[in-house]
Protein chains: 2
Amino acid sequence: MTTILVVEDEPEIRRFLRSTLGAEGYRVVEAPNARRGSVDAGTHKPDLAIVDLALPDYDGRELIRDIRKWSSMPIVVLSARHQERTKIEALDAGADDYITKPFGVGELLARVRAALRHAARSPAGQALVLGSAKVDLEKRRAWRDGAEVHLTPIEFRLLAFLAKHLGMVVTHRQLLAEVWGPPYVEQTHYLRIYMKQLRDKLEADALRPRHFLTESGVGYRLVADEEP
Amino acid sequence: MTTILVVEDEPEIRRFLRSTLGAEGYRVVEAPNARRGSVDAGTHKPDLAIVDLALPDYDGRELIRDIRKWSSMPIVVLSARHQERTKIEALDAGADDYITKPFGVGELLARVRAALRHAARSPAGQALVLGSAKVDLEKRRAWRDGAEVHLTPIEFRLLAFLAKHLGMVVTHRQLLAEVWGPPYVEQTHYLRIYMKQLRDKLEADALRPRHFLTESGVGYRLVADEEP
DNA sequence: AATGCGCGTAAAGACGCCGTAAAGAAATGG
DNA sequence: CCATTTCTTTACGGCGTCTTTACGCGCATT
């Protein structure tokens with residue numbers, strides 16, 4: 001049975017999460033603050049954690065760093081509209097995705113499913129299908145409409161990192177640090193240039209990307225097939 | 001059976017509410033002051049509370065905050081004409097709607113029905129129908145007369161929050177705090193600008209809005225179909 | 001009759017983020 | 001050495017937001 005830890009202080013939202021996730025067959029463990037969340041993450045060994053960033057005792061980002069010291073469980077962050085900066089820091093701290101309040105049931109479940117799928121996916125990336133394009137991460141080869149497409153080293157590393165976090169948000173910082181190296185975490189312009197190249201090579205319509213999605217002010221997200 | 005708690009000190013109004021609501025088949029529990037109201041809210045677990053703002057012992061707003069600590073039951077406020085300010089504070093404290101004295105039977109029952117409907121609505125917002133317009137809150141897409149309409153992020157957040165409180169009043173403060181963030185709770189002008197955009201995009205006749213209703217001096221109210 | 005307030009409407013400039021394009025210099029690898 | 005790739009810069013345009021200014025209207029107060 002899949003267990004989800006919910007760390008949230010507002011009773012209303014907690015109730016909503018409990019009923020929504022419960023109805024989907026997940027077991028829900030609730031913690032009203034960060035301290036309890038930290039303990040419950042250790043004792044209940046949940047398959048996924050949903051963490052509100054604004055907690056009464058200490059910061060959700062701290063909690064995420066705490067958990068990341070010993071676990072790689074998927075973490076989905078709940079953030080309010082105005083916490084743009086905090087949200088990004090939470091992602092940099094190791095969160096996998098975020099949901100902005102107010103959110104709908106569909107969005108919540110989609111994100112949860114994506115995160116669980118991501119965690120369960122075998123480490124072998126295998127073949128990645130993006131509409132009419134296909135990528136073999138092992139063989140470092142890509143095709144579009146049957147014809148092979150050549151990817152340069154940077155393009156490939158960028159794609160590989162996005163694919164490693166398939167469906168999850170990856171911040172500008174993370175991408176730049178990973179693909180170009182830590183000194184380049186501010187060169188967001190490089191990202192725009194190379195994202196365009198990937199889109200040109202792999203998207204059916206580069207003007208309306210369906211797989212290489214922009215998360216404005218945050219980063220990018222690679223979506224394979226049939227995901228919101 | 002649906003139970004309604006009435007917190008009201010004036011015996012005449014109490015009698016009126018009792019008979020009106022009773023005739024509609026509601027069970028009515030009466031409390032003459034805030035303290036009793038607080039207790040009865042806990043013991044009788046009503047499905048809805050009607051609270052007069054001017055109570056002999058302590059303030060109706062206090063009572064609302066009290067109840068909101070543990071319950072999300074719909075709360076409808078009774079206010080006199082000159083209590084504009086108090087009324088808004090009551091809404092900010094967590095009330096869902098208000099009725100201004102003197103009020104008629106029709107208005108009372110309409111508000112009560114709307115509040116109960118709102119509380120019973122499944123958390124899945126799904127499709128929202130506003131006359132000739134349609135909004136899919138999950139997919140973040142909107143249509144009008146069949147054609148898709150593009151909503152900007154702020155427009156969408158504004159709409160989503162109104163939809164979350166469908167049929168209920170939402171104060172300027174609540175909207176601004178939620179959509180723009182707490183530092184913006186005074187910028188009511190932003191609301192006017194973006195409400196107009198939503199009306200332009202989704203109302204059939206933006207000059208005579210039938211869904212995005214203004215509650216003058218208070219806030220706004222989103223009404224789907226077939227509501228007063 | 002005058003004033004003020006809340007609201008709707010319009011418009012305009014500044015700014016940030018993103019996408020797009022291009023081009024020369026530097027590095028890399030066969 | 002030559003071709004490719006990357007690095008780095010410059011520039012433009014679009015979109016959305018932020019913020020301000022201004023005008024008209026209806027309503028209530030004075």
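The figures that follow rest on heavy atoms only: side chains count, while hydrogens, waters and symmetry mates do not. Order of the sequence lines fixes the chain letters, A, B, ..., with proteins taken first and strands second; residue numbering starts at 1 for each chain. Note that the structure is predicted; figures quoted are calculated from it, not measured.
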B/L207 vs A/E215, nearer the 5' end of DNA chain C by closest nucleotide: B/L207
Atom pairs under 3.5 Å, N or O on each side, protein against nucleotides 16-24 of chain D: can you list them with distances?
from   : atom 1 : to     : atom 2 : distance (Å)
D/dG16 : OP1    : B/H150 : NE2    : 2.6
D/dT17 : OP1    : B/T152 : OG1    : 3.3
D/dT17 : OP1    : B/I154 : N      : 2.8
D/dT17 : OP2    : B/T152 : OG1    : 2.9
D/dC18 : OP2    : B/W180 : NE1    : 2.9
D/dT19 : OP2    : B/Y190 : OH     : 2.9
D/dT19 : O5'    : B/Y190 : OH     : 3.3
D/dT21 : O4     : B/H189 : NE2    : 3.1

NZ/NE/NH1/NH2 to OD/OE distance under 4.0 Å, A/K87 and A/E215: no
Can you give each donor-acceptor pair under 3.5 Å made by side-chain atoms of residues 177-193 of chain B, sequence neighbours left out, with the distance rounded to 0.1 Å?
none

Reference residue A/D97; test side-chain hydrogen bond (donor to acceptor under 3.5 Å, both in side chains); the match among A/H118, A/R221, A/H165: A/R221
A/F212 and A/Y194: CA distance, side-chain angles, deciding distance, ring-ring contact (aromatic ring centres under 6.0 Å, His included) verdict: CA-CA 11 Å; A/F212 295 84; A/Y194 283 88; over 10 Å; no
Segment of DNA chain C, first to last nucleotide, that comes within the 4.0 Å heavy-atom reach of chain A: C/dC17 to C/dA21
Toward the 5' end of DNA chain C, by each residue's nearest nucleotide, A/D200 or A/H172: A/H172
Sugar-phosphate, base or nothing in reach of B/T188, heavy atoms under 4.0 Å: nothing
A/R144 side chain to A/S132 backbone, donor-acceptor under 3.5 Å: no
Closest contact, heavy atoms only, A/Y98 versus A/R111: O-NE, 3.4 Å
Touch class at under 4.0 angstrom, heavy-atom based, for B/F156 against every strand present: nothing
Atom-pair distance (CZ on A/R140; P on D/dT5), nearest Å: 13 Å
Whole-Å gap separating P (D/dC7) and CG (A/L176): 11 Å
A/R68 atom CZ, over 12 foreign heavy atoms within 6.0 Å: yes
Value in whole Å for how far the P atom of D/dC7 lies from CG of A/L158: 12 Å
Donor-acceptor side-chain pairing of A/R15 and B/S72 below 3.5 angstrom: yes
